[in-house]
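Since the structure comes first, as structure tokens, the remarks are kept for the end.
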Amino acid sequence: MLARVLLAAVAAAGLWVMPAGAAELSPLLVIHDRQFEPNALAFPAGVRIKLLVRNLDSMPAEFESYDMSREVVVPGHGEVTIYIGPLEPGSYEFFNDFNHEMRGSVVVKPDDAKGK
Ligand SMILES: [Cu+2]
């Protein structure tokens, strides 16, 4: 009986929601006409990012980042999911290793920038 009351109280308080530290964002990054769109992505610090990279061009691309230690081929007219973060505040460059003129960056803002 007590357990049931406690469960009801927990549910009512909304405590089943994921803790803030486990928050996840799932932005879309498009490759189109040999450009990353957008070429700058901004996130708060401490958030897991499930980045969907969709290639609208017929040429394959390779999403590569030394700063984020990622190297993933994106087939022509294909898409991949790349998990990054949680990241510390700062700027993280990425580029297409098959076409170095295609570049972009992930900008991570300090946690206290949220909600201001
Ligand atoms: Cu590479």
Side-chain angles (χ1 to χ4, degrees):
M1 179 64 186
L2 181 59
R4 203 173 282 172
V5 169
L6 281 175
L7 271 178
V10 165
L15 296 181
W16 297 120
V17 175
M18 268 197 303
E24 184 179 278
L25 293 172
S26 38
L28 174 66
L29 178 66
V30 171
I31 293 167
H32 184 223
D33 287 342
R34 298 177 186 186
Q35 308 263 1
F36 287 112
E37 294 174 5
N39 66 4
L41 299 155
F43 304 111
V47 169
R48 274 167 32 97
I49 298 153
K50 182 183 175 184
L51 180 65
L52 182 65
V53 185
R54 180 175 296 156
N55 187 357
L56 301 182
D57 291 347
S58 52
M59 292 284 290
E62 187 181 62
F63 179 98
E64 180 150 355
S65 173
Y66 301 136
D67 295 345
M68 295 181 283
S69 300
R70 292 293 179 276
E71 182 173 28
V72 182
V73 172
V74 191
H77 298 139
E79 60 184 40
V80 299
T81 299
I82 302 171
Y83 290 90
I84 52 180
L87 296 171
E88 297 292 315
S91 184
Y92 301 79
E93 306 300 312
F94 61 84
F95 58 94
N96 176 3
D97 201 24
F98 297 161
N99 175 0
H100 285 199
E101 292 181 3
M102 284 176 60
R103 327 195 123 255
S105 61
V106 168
V107 177
V108 177
K109 299 182 171 159
D111 230 4
D112 62 9
K114 274 192 292 188
K116 279 192 182 168

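Whatever order the structure lists them in is the order used to number ligands and atoms, beginning at 1. Atom set for the values below is all heavy atoms of this structure, side chains included, hydrogens, waters and symmetry mates excluded.
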If a pair satisfies side chain to side chain donor-acceptor pair (under 3.5 Å) and one of its residues is in residues 71-94, list it, with sequence neighbours excluded.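 Residue pairs passing side chain to side chain donor-acceptor pair (under 3.5 Å), neighbours aside: R54-E79, S91-E93.
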
Please check if the distance between the ring centroids of F95 and F36 is under 6.0 Å.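 No; F36 has its ring centre 6.0 Å or more from that of F95.
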
With heavy-atom distances below 4.5 Å as the criterion, would you say the side chains of E64 and Y66 are in contact? yes

Under 6.0 Å from the CZ atom of R34, do we count more than 12 heavy atoms belonging to anything else shown? no

Give a yes or no on whether F98 and M68 share a hydrophobic cluster (residues Ile, Leu, Val, Met, Phe, Trp, Tyr; joining criterion: side-chain heavy atoms under 4.5 Å apart). no

Which residue in the set N55, I31, I82 passes side chain to side chain contact (heavy atoms under 4.5 Å, CB included) when paired with F63?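 So, applying the side chain to side chain contact (heavy atoms under 4.5 Å, CB included) to F63 and each of N55, I31, I82, only I82 qualifies.
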
Near the Cu ion (ligand 1) (protein N/O/S, cut-off 2.8 Å, waters excluded) we have E62 OE1, E64 OE1, E71 OE2, D97 OD2

